[in-house]
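Keep in mind that this is a model prediction, so the values were computed, not measured. These values consider heavy atoms only, across backbone and side chains, with no hydrogens, waters or symmetry-generated copies. Naming: A, B, ... by sequence-line order, numbering from 1 per chain.
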Amino acid sequence: MKGRTLGRHVKEGGKNLVRNGWMTFASISAVTIMLFVVGAFLLLIMNINEFADSLEDDVEVRVFIDLTADEENQSELETEIQDIDMVQTVDFVAKEDGLESLITSFGDQGTYLESLREENPLNDVFVVQAQDPQQTQVLAEEIQTLSYVDDVEYGADIVEQLFSVTNIMRYAGIVLIVGLMFTAMFLIANTIKITIIARKREIQIMKLVGATNGFIRWPFFVEGLLLGVLGAIIPISALSYGYVKLVEVVQGTPELSFLTMTPPNPLILQMGGLLLGIGAFIGIWGSMMSVRKFLKV
Amino acid sequence: MKGRTLGRHVKEGGKNLVRNGWMTFASISAVTIMLFVVGAFLLLIMNINEFADSLEDDVEVRVFIDLTADEENQSELETEIQDIDMVQTVDFVAKEDGLESLITSFGDQGTYLESLREENPLNDVFVVQAQDPQQTQVLAEEIQTLSYVDDVEYGADIVEQLFSVTNIMRYAGIVLIVGLMFTAMFLIANTIKITIIARKREIQIMKLVGATNGFIRWPFFVEGLLLGVLGAIIPISALSYGYVKLVEVVQGTPELSFLTMTPPNPLILQMGGLLLGIGAFIGIWGSMMSVRKFLKV
Amino acid sequence: MITMKEVWKTYPNGVMAINGIDIHIDKSEFVYVVGPSGAGKSTFIKLMYREEKPTRGTIKIGDEELSKIKERHIPLLRRKIGVVFQDFKLLPSLSVYENVAFALEVIEESKANIRKRVMQVLDIVRLKNKARFLPHELSGGEQQRVAIARAIVNNPSVLIADEPTGNLDPETSWEIMKILEEINDRGTTIVMATHNKEIVNTMRKRVIAIEGGRVARDDAKGGYGYER
Amino acid sequence: MITMKEVWKTYPNGVMAINGIDIHIDKSEFVYVVGPSGAGKSTFIKLMYREEKPTRGTIKIGDEELSKIKERHIPLLRRKIGVVFQDFKLLPSLSVYENVAFALEVIEESKANIRKRVMQVLDIVRLKNKARFLPHELSGGEQQRVAIARAIVNNPSVLIADEPTGNLDPETSWEIMKILEEINDRGTTIVMATHNKEIVNTMRKRVIAIEGGRVARDDAKGGYGYER
Ligand SMILES: Nc1ncnc2c1ncn2[C@@H]1O[C@H](COP(=O)(O)OP(=O)(O)OP(=O)(O)O)[C@@H](O)[C@H]1O
Ligand SMILES: Nc1ncnc2c1ncn2[C@@H]1O[C@H](COP(=O)(O)OP(=O)(O)OP(=O)(O)O)[C@@H](O)[C@H]1O
Ligand SMILES: [Mg+2]
Ligand SMILES: [Mg+2]
């Protein structure tokens with residue numbers, strides 16, 4: 001193919017968008033809407049993931065130190081725990097502090113527990129966090145075997161339930177986004193296909209006048225690419241802007257402080273790249289697949 | 001219009017589906033896919049709603065009874081509370097039972113609290129549930145004013161946060177489903193529009209041969225209706241079957257017992273009705289809107 | 001039957017196709033419209049059944065002035081006019097039978113009547129054996145004959161034919177012309193744009209010659225003219 | 001140049017359009033194909049540039065046997081054959097200029113050459129002033145002339161024309177015929193299906209008459225025949 005012919009194909013592809021005015025508009029708006037939905041869900045799911053992570057980060061192992069252990073024994077135990085690979089942080093909570101927070105947690109009713117201060121029934125505690133929250137159980141079992149450990153607690157039931165919830169959330173999110181992506185791909189390719197079926201006769205005429213398959217395909221390639229890219233611009237801009245604003249609002253509203261949102265910075269770039277990629281890919285693929293059918297003349 | 005003409009229109013509408021083979025297939029699959037997505041989300045959101053309700057149902061007002069109240073005073077107070085309109089249930093928890101569950105909730109560590117048994121520091125308590133969980137705060141305030149009430153507690157902070165979470169879930173759900181429904185409507189109408197644009201010339205020929213607008217419109221009406229209804233069948237069947245199976249699996253898996261799922265019985269009927277309605281409506285509306293443009297000949 | 005008064009037609013792209021035409025065609029007349037390619041014959045004809053609207057001037061069909069007919073009554077006008085389009089305008093997804101029947105379904109004829117009448121005209125244009133074919137399965141001349149069948153099937157009071165023999169061999173052309181003459185004898189007004197010199201010169205009728213959008217000649221029993 | 005040996009063509013719907021044709025057309029010959037409507041002329045012609053494939057028999061263009069050409073080399077064959085289609089087959093979204101230029105873009109001509117050559121042929125068919133019009137803005141005859149321009153623009157070695165004067169007035173038809181004769185004089189083989197008795201009888205060339213899908217007559221300098 002000569003260089004000028006490539007130029008001709010690019011120009012022709014662009015012109016076709018204009019020539020098929022209504023059809024082009026319909027295709028681009030299908031791309032726009034679908035990518036918008038995919039993008040919005042992508043942001044939602046990334047945030048749900050973040051939220052799940054933050055829930056999991058709250059999981060900790062409470063190591064009750066034997067009452068017989070003196071200070072030296074305690075710091076020995078602390079280094080032993082810290083030497084375990086899976087451990088991220090170890091915090092010491094003296095029994096006095098433990099009782100204090102217990103009483104506080106009872107609110108008004110806590111006053112009735114004041115009597116306990118005289119003879120504190122609690123242990124000193126190490127609060128240990130695993131690097132990967134999902135390792136918590138293994139970690140707890142390992143710590144159990146160390147000396148000067150009276151007991152180990154990590155709320156087995158609740159933690160397992162929490163993990164099954166967060167895992168369901170993650171898998172559901174992945175299934176959802178993949179499902180939506182395929183839906184989008186199908187619908188966009190479908191729309192493009194219909195617009196090209198409508199041009200079946202034109203393609204056949206071109207072949208009868210001596211055009212090769214490649215010659216006919218190229219402008220459609222360019223057209224599909226442009227459709228996809230043009231259709232991706234609005235959702236990318238709108239979602240990026242909207243997300244940045246949303247994060248601002250959520251962070252500025254005290255009542256919503258419990259919502260931890262994924263920071264926009266790398267996220268909207270990734271989202272933008274993904275949408276642009278999907279748009280371009282489906283645009284090209286959809287138009288190539290559809291043209292193929294009519295080239296046999 | 002004569003009766004036989006109506007018959008002709010219905011027959012013609014059906015035939016057109018067959019004549020436009022590929023286009024029909026493309027339109028129906030667009031309807032199918034979109035309704036599938038809408039239906040799936042509808043089920044998801046109904047379940048999330050149910051889950052939010054069950055979370056809210058856990059909210060209760062704890063009424064601490066004055067230590068000076070004798071049994072007669074207590075039952076007086078109980079009827080007084082029960083007479084409040086908003087109240088659903090009132091349960092009495094004796095202070096011994098309260099302490100017992102407090103100790104149990106501490107698990108292994110609870111043994112250290114055994115000493116409290118000797119001189120129980122807790123009050124007798126009425127646990128009151130509001131008919132509508134969102135009324136809890138008002139109810140608590142009203143109970144506060146009654147005599148023999150020492151104190152009232154309903155975890156103001158946590159309850160407010162819980163309500164803001166469940167409300168966000170509900171609103172997000174509504175926004176999502178409405179947004180998806182509009183997306184579906186737009187995309188389906190869009191697809192139908194393209195297939196009709198491709199038949200622009202045919203519509204114009206019909207007009208030139210003396211057909212009235214109504215005469216041309218009727219078969220398109222039937223065609224749109226059929227498109228929508230045919231497109232709704234697969235998603236309705238698949239989602240109904242899938243949901244019934246899913247509920248069975250979830251209920252049969254002990255680890256997932258905390259997931260309360262909306263019972264399929266009225267839900268899948270509602271979902272089916274809605275999808276069928278959307279399908280038929282958009283099918284008709286999409287084809288009517290598109291034909292209109294070409295009738296001006 | 002057809003009266004045009006000071007009619008002008010400029011297309012949106014600026015082409016002035018009809019430039020002041022005054023003409024009167026009586027009931028039951030048979031009129032040839034001749035002229036070079038691009039002279040405005042088809043435009044002249046399209047104005048009559050309102051495929052195109054004039055830029056200026058008035059057109060009357062029967063007693064009705066076209067510009068005064070309500071938009072929704074236009075189909076009623078078109079049912080009184082049978083048209084053979086230069087480019088046939090067959091419905092591509094309908095069979096030959098269905099294409100012709102369409103003009104009768106539109107006026108809500110009974111199924112039995114439609115069947116009888118359609119088979120009758122298909123027989124006249126010798127296409128009875130191709131009734132179930134789709135247009136793209138027909139030869140050029142066969143398509144043209146379907147267009148003719150559709151135009152005459154509902155016994156219109158005016159028959160407008162734009163180049164109805166362009167794709168027909170001379171023998172078939174003459175058969176068609178005899179059919180048109182018969183229809184004309186039964187009182188139908190016929191306006192026919194044509195390039196067929198032999199027909200115009202043999203079957204003498206009124207000839208309107210259009211050139212550059214104007215009436216260049218209007219002879220009661222004229223020939224084709226334009227001898228080279 | 002063109003040789004058909006025992007060629008049969010049955011369409012998928014069962015119509016037997018060509019029933020055993022043996023014919024040889026030499027380089028630089030000028031051949032009329034005549035015959036009644038639906039006789040098989042267009043099918044005969046479509047077999048040559050392989051719009052249709054024969055059910056049986058062999059067709060040779062130059063030294064190449066059509067059935068032996070690889071699918072992807074078919075476009076190369078078509079570039080050597082200019083075709084005026086009976087239904088024009090113009091690309092509806094391209095202007096007159098672009099439609100004609102398309103046949104040159106396909107062979108990757110330079111832009112300057114394309115421009116020069118396209119304007120040249122548009123001048124020949126007298127449509128230079130309508131170069132920027134879209135097909136639907138043209139009269140029937142003008143569309144037909146665009147189709148002719150596109151067929152001759154790349155100086156094909158064979159020109160196939162299916163009813164190229166069906167929508168043209170006699171004067172314009174003769175102009176076109178003179179152009180074809182000139183092209184023929186420069187060595188181009190011409191096969192032209194036509195119903196125009198006057199042309200066939202005046203400009204005497206070889207006449208192949210097809211009837212019912214068979215060669216009914218093949219005269220070196222025959223007339224149209226079929227006198228009524
Ligand atoms: N839809 C249109 N838009 C713009 N210009 C048009 C349109 N239709 C026709 N024209 C122009 O109007 C002029 C007259 O066209 P018309 O079709 O009436 O010619 P005609 O006499 O029927 O020619 P022919 O014998 O070739 O059919 C031509 O120059 C043509 O280019
Ligand atoms: N694509 C097709 N499918 C089925 N049958 C066809 C097809 N094309 C043509 N035919 C049939 O084949 C026969 C020959 O058609 P063809 O187009 O070759 O005739 P023709 O000689 O060109 O006629 P005309 O002068 O009317 O153009 C006709 O009976 C026609 O109905
Ligand atoms: Mg015309
Ligand atoms: Mg033919």
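The OG1 atom of Thr194(C) sits 12.0 Å away from atom NZ of Lys197(C), with the distance rounded to the nearest 0.5 Å. In this structure, CG on Leu47(D) lies 7.0 Å from NZ on Lys9(D), to the nearest 0.5 angstrom. Between atom CZ of residue Arg78(D) and atom CD of residue Glu51(D) there is a gap of 7.5 Å, rounded to the nearest 0.5 Å. Atoms NZ and CD, on Lys41(D) and Glu211(D) in that order, are 10.0 Å from each other to the nearest 0.5 Å. The distance from the OG1 atom of Thr165(C) to the CD atom of Gln144(C) is 6.5 Å, given to the nearest 0.5 Å.
For residues 125-137 of chain D, heavy-atom neighbours of chain C at less than 4.5 Å comprise Phe133(D), Glu137(D), sorted by residue number.
Within the 4.5 angstrom heavy-atom criterion, only side-chain atoms of Glu163(D), from C-beta onward, approach chain C.
By number of non-hydrogen pairs under 4.5 angstrom with chain C, the leading residue of Thr172(D), Leu138(D), Thr43(D), Asn13(D) is Asn13(D). Looking only at heavy-atom pairs under 4.5 Å with chain C, the residue among Ala17(D), Ser37(D), Gly140(D), Gly166(D) that has the most is Ser37(D). When Gly40(C), Gly38(C), Pro12(C) are compared by the number of non-hydrogen pairs under 4.5 Å with chain D, Gly38(C) comes out ahead.
For Arg56(D) (side chain) and Glu6(D) (main-chain N/O), no donor-acceptor pair under 3.5 Å exists by modelled atom type.
Between Leu180(D) and Ile190(D), the shortest heavy-atom distance links the atoms O-CD1, 3.2 Å.
Between Asp219(D) and Tyr32(D) there is no side-chain heavy-atom pair separated by less than 4.5 Å.
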